[in-house]
Amino acid sequence: MNNLTKPVAVLMVLFGQSVIASAQDITALTRIGDVVSFQESTKTVTFSCADSSQVQLTVLAPDLIRVRAVFTKAIPAIDHSWAIAKENWDVPRWSLREDQQSITITTDELEAVVRRSPLLIEFRDARTHQVINSDEQPMAYDKNGLLKSRMFDPSAGVFIAASKKLGFDEHFYGLGEKAARLDKRRSAFINWNSDTPGYAEGKDPIYQTIPFFIGLEKGNAYGIFFDNSYRSYFDFGHSSQRRAWFGAEGGELNYYFFNGPHIKQILGRYTELTGRMPLPPMWALGNQQSRWSYYPESMVEEVVKEYRERDLPLDVIHLDIDYMKNYRVFTFDGERFPDPRAFTKQLEQQGVKVVTIVDPGVKYQPKKSTELQTQIPRSPDGRYYVFDEGLEKNYFQRRANGALFIPHVWPGESAFVDYTKSDARKWWGDLHRFYLDNGVAGIWNDMNEPSDFVDQTGGNQRDVVSYDEGQKTTHAKNRNIFALLMARATYEGLERNRSDRRPYVITRAAYAGIQRYSTMWIGDTNSTWEALALNLPMFMSLGLSGEAFVGSDIGGFIGRGNGELLVRSYQVGFLTPFCRNHKELSGYDQEPWRFGKPYEDIIRKYLKLRYSLLPFLYTTLEESHRTGMPMFRPLMLNYQDDESTYNLDNEFMIGDALLVAPILKPDLTRRLVYLPKGTWYDYWTNKKFTGGQMIEVDAPLEKVPMFVRAGAIIPMGPAMNYVGEKQIDKLTFTIYPDETGSAETQLYEDDGLSPNYKTGAYRRISIKAHKAAQGFVIDVGAAEGTFDPGTKSYEFLIASYEHTSNVVSVIGDGKAHRLELK
Ligand code: NOJ
């Protein structure tokens with residue numbers, strides 16, 4: 001197995017890299033030496049091993065312990081990761097005890113037991129001493145180069161791996177963006193950011209790398225974040241029923257262990273460690289339309305006009321690569337968009353914002369060029385200032401021999417910025433003033449795996465050296481973090497240059513931590529039912545991996561769809577944070593009206609419903625920002641004890657209130673829906689159902705089955721054609737009482753645009769209802785925060801199947817109120 005010939009290796013690359021992942025025999029690797037001594041400091045214990053390796057455990061929080069292992073040498077002083085947002089943790093209470101066999105570190109929640117010989121790490125619950133997770137074999141490294149022939153760049157590192165005992169009934173979740181089911185048991189994956197248009201289920205790797213997973217067995221969960229940006233591998237019982245292992249082609253065996261048992265706690269900590277999503281502008285929750293590509297500007301105006309004339313909501317139009325002058329980023333094509341500022345202003349007046357695509361490829365345009373480009377800003381002499389400046393400042397990536405690295409992307413020969421240099425990031429970020437000055441409202445980062453038409457596996461980039469905090473490391477280490485740093489440069493540039501507005505960035509590729517800088521979409525999907533069905537587990541897994549603002553091209557990107565597929569696609573997309581219809585260059589037009597009136601009418605109904613639901617959706621999104629809990633959730637996140645939810649791929653929840661069971665197959669007008677324990681209300685009829693069972697429901701084309709959890713209250717506003725279209729003077733709260741007659745919710749509001757919410761300029765109120773002798777008592781809590789959303793009335797009604805509820809209302813003035821609803 002270890003002496004693969006080249007052609008076989010190539011075949012493996014072609015036919016899905018999970019073949020490689022599962023074929024790695026990590027049992028043949030060299031195991032770390034026994035513990036010979038250890039040293040304690042305020043928060044770490046460093047173990048020295050017989051083979052001169054070192055292992056360090058750091059206590060960060062009662063439920064968070066970091067493991068760092070370096071083979072045959074001491075742990076280096078340098079300790080840097082682009083993913084980590086929080087480095088300074090208050091050292092929690094912990095203690096150490098040792099005996100002949102082991103050394104045990106104990107916090108209030110966790111016990112980490114390090115066995116001396118062989119060196120095995122086991123995590124236990126500090127209260128019950130029950131084992132949560134334990135090493136199946138000692139951490140290991142490829143001392144003898146057994147796996148060298150399969151590595152992307154054997155000179156860049158040594159293969160390392162950790163192996164954990166596989167629980168008999170253990171399920172696995174997370175890993176960010178994978179074209180796979182929700183439960184990842186029995187699967188193996190590779191992380192290597194890759195441009196994979198038209199991918200289908202099973203294709204791996206695709207665009208992103210989020211090396212974080214959650215293990216769940218019998219209701220108890222733990223999390224592991226393997227913070228290593230080299231090409232990495234995860235095998236969840238794919239190659240053996242004994243182990244779940246992870247490894248990488250270099251770097252340290254550096255992972256964080258999160259104690260549960262609640263997934264919400266793990267996700268909270270993971271997003272504390274790697275950062276949480278800042279709130280995007282509220283209009284980012286609006287409907288978005290894209291096409292590769294709408295141009296000239298008159299075509300964009302036509303599309304907007306259609307939207308408005310057809311009474312279809314629209315907040316954002318995306319300009320794909322053809323708005324540029326010969327694909328030069330930071331330019332507009334002067335013929336297609338002669339006056340970009342006037343153009344964006346004109347759309348602004350209709351309530352539409354413009355998002356432009358910005359790819360990493362900067363057109364390679366050395367001095368001798370004879371082209372005349374009078375259109376290019378700051379280039380009266382025909383020079384392309386972005387290339388000139390980047391070259392002059394030495395911000396572009398170079399090969400080990402010092403030559404400029406020249407990948408081929410849309411502009412042809414190009415250059416990529418070395419975003420590991422902080423001054424290059426600042427320069428790139430500041431270049432976005434060009435867009436801001438032209439009234440552009442958001443930036444779409446694409447092709448940032450980074451894609452190179454010469455070789456999509458990264459082969460052409462192997463000897464590209466990045467500055468990397470002065471370490472001068474190669475592509476093997478830096479590929480997976482390229483997009484993270486590009487998005488960071490973009491986000492920080494927008495923030496710096498327009499500090500009174502929230503940045504809005506969308507990315508295709510990513511590494512862990514991306515949520516601090518960017519929202520995302522899942523790339524080049526197909527216009528097929530299979531691709532639509534795959535949306536659900538992909539969005540849910542992203543949500544379980546810290547990425548809360550997700551979505552995909554509604555209707556699918558590649559190939560010809562049809563009216564039915566488009567409608568069913570909107571019946572998912574109208575509730576995804578990122579709600580955008582987009583289509584490929586040679587694809588068929590796919591705007592909501594393309595397949596005729598019956599389909600358009602249904603799509604209108606759902607888009608309008610999205611806008612009515614904005615108070616609920618925005619409140620839920622703010623929860624994602626504040627706690628890391630995703631808006632678009634798998635049921636198992638809310639019902640962790642219910643094993644029937646563990647591999648539920650075809651239903652989802654929005655927050656903890658709304659359960660949606662879309663139709664994901666053609667010609668289907670009925671489906672089974674699993675409702676977890678409790679009581680549920682059919683959203684459309686208010687009919688009540690008892691949970692803990694499957695029910696069969698009708699779902700004609702115009703209907704997506706939706707249920708509200710009893711105990712929830714859903715705030716809704718008026719239907720609108722764009723965010724801010726009208727002054728909202730009334731919110732309606734529908735109360736769905738539970739078995740005890742109670743229900744509650746929160747409402748979050750802010751100005752939707754500025755970053756002032758970070759300093760308290762928001763209003764949060766809680767609303768509680770309970771059954772009284774006659775009717776219901778409703779308590780509107782006093783407002784928290786300094787934001788005044790203006791006076792509006794709050795109207796309350798009880799969801800009821802049998803009769804129409806009375807309505808009671810009060811002016812929402814931020815003060816506490818008690819109301820009676822009879
Ligand atoms: C690839 C992106 O995934 C797609 O959305 C875009 O339309 C094309 N690049 C062209 O920019």
Side-chain angles (χ1 to χ4, degrees), residues 177 179 193-200 203 205-208 288-295 299-300 303 316-333 336-337 354-363 407-412 414 416 435 440 442-454 456 482-483 486-487 490 504-510 514 518-528 531-532 534-535 538 542 549-561 569 573 576 578-591:
E177 185 197 54
N193 291 1
S194 303
D195 182 357
T196 50
Y199 68 89
K203 177 75 182 171
I206 56 171
Y207 309 98
Q208 302 201 350
Q288 313 196 21
Q289 179 67 52
S290 183
R291 181 71 213 261
W292 177 10
S293 303
Y294 289 135
Y295 70 87
M299 187 191 279
V300 183
V303 174
V316 185
I317 280 277
H318 289 245
L319 298 186
D320 207 328
I321 48 176
D322 299 286
Y323 76 86
M324 298 178 251
K325 179 75 183 165
N326 298 336
Y327 305 126
R328 289 178 183 83
V329 285
F330 306 101
T331 71
F332 271 97
D333 180 302
R336 296 170 181 174
F337 295 89
V354 173
V355 167
T356 50
I357 199 166
V358 177
D359 289 346
V362 173
K363 187 175 171 61
H408 281 236
V409 269
W410 302 124
S414 303
F416 287 160
Y435 293 109
V440 169
I443 300 296
W444 169 19
N445 282 172
D446 184 26
M447 310 291 286
N448 48 359
E449 291 69 32
S451 180
D452 174 4
F453 298 155
V454 176
Q456 290 295 14
F482 183 87
M486 182 184 176
T490 307
Y504 180 45
V505 183
I506 305 140
T507 184
R508 190 169 73 176
I514 188 70
S518 186
T519 67
M520 67 85 65
W521 96 109
I522 60 171
D524 296 348
T525 56
N526 296 318
S527 291
T528 61
L532 173 60
L534 194 57
N535 274 340
M538 289 185 74
L542 282 155
F549 206 99
V550 299
S552 73
D553 296 341
I554 294 178
F557 180 69
I558 296 173
R560 180 154 175 74
S569 193
T576 54
F578 182 57
C579 172
R580 183 189 72 169
N581 176 325
H582 178 49
K583 196 70 192 176
E584 64 161 325
L585 177 67
S586 56
Y588 299 80
D589 290 335
Q590 192 173 262
E591 294 89 0

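All ligand and atom numbering here is 1-based and tracks the order in the structure. All residue numbers refer to positions in the sequence shown, counting from 1.
Of all atoms in ligand 1, listed by their number and element, those nearer than 4.0 Å to a heavy atom of W444 are 5 (O). Annotation for ligand 1: atoms under 4.0 Å from non-hydrogen atoms of H582 are 4 (C), 5 (O), 6 (C), 7 (O). Near I357, the atoms of ligand 1 lying under 4.0 angstrom from a non-hydrogen atom of the residue are 11 (O). Taking every non-hydrogen atom of R508 and a distance limit under 4.0 Å, the qualifying atoms of ligand 1 come out as 1 (C), 2 (C), 3 (O). Per-residue contacts place I321 under 4.0 angstrom from the following atoms of ligand 1 (heavy atoms of the residue considered): 10 (C), 11 (O).
The only option from N448, I522, T507, D524 that meets the side chain to side chain contact (heavy atoms under 4.5 Å, CB included) definition with Y207 turns out to be D524.
Ring-centre distance between Y294 and Y323: not below the 6.0 Å cut-off. For an aromatic pair to be called close, the ring centres must be under 6.0 Å apart, and W444 with H582 satisfies this.
Partners of D195 by salt bridge (charged side-chain N to carboxylate O under 4.0 Å, His left out), not counting sequence neighbours, listed by chain and number: R508. In terms of the side chain to side chain donor-acceptor pair (under 3.5 Å) criterion, Y295 has no residue partners (sequence neighbours excluded).
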For this session: May I have the step-by-step check of side chain to side chain donor-acceptor pair (under 3.5 Å) for N445 and T490, ending in yes or no?
Result: CA-CA 9 Å; N445 282 172; T490 307; 3.3 Å; yes
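If you look at Y327 next to ligand 1, there are no close heavy atoms at all, none under 4.0 Å.
Here atom 11 (O) of ligand 1 lies nearest to D320 when heavy atoms of D320, I558, V409, D553 are compared. Here atom 9 (N) of ligand 1 lies nearest to D446 when heavy atoms of D359, D322, D446 are compared.
Ring-plane geometry between H318 and F578 is classed as perpendicular, the angle between the planes exceeding 60 degrees on a 0 to 90 degree scale with a lower cut at 30.
Considering only non-hydrogen protein atoms, atom 3 (O) of ligand 1 sits nearest to D524 OD1, 2.4 Å.
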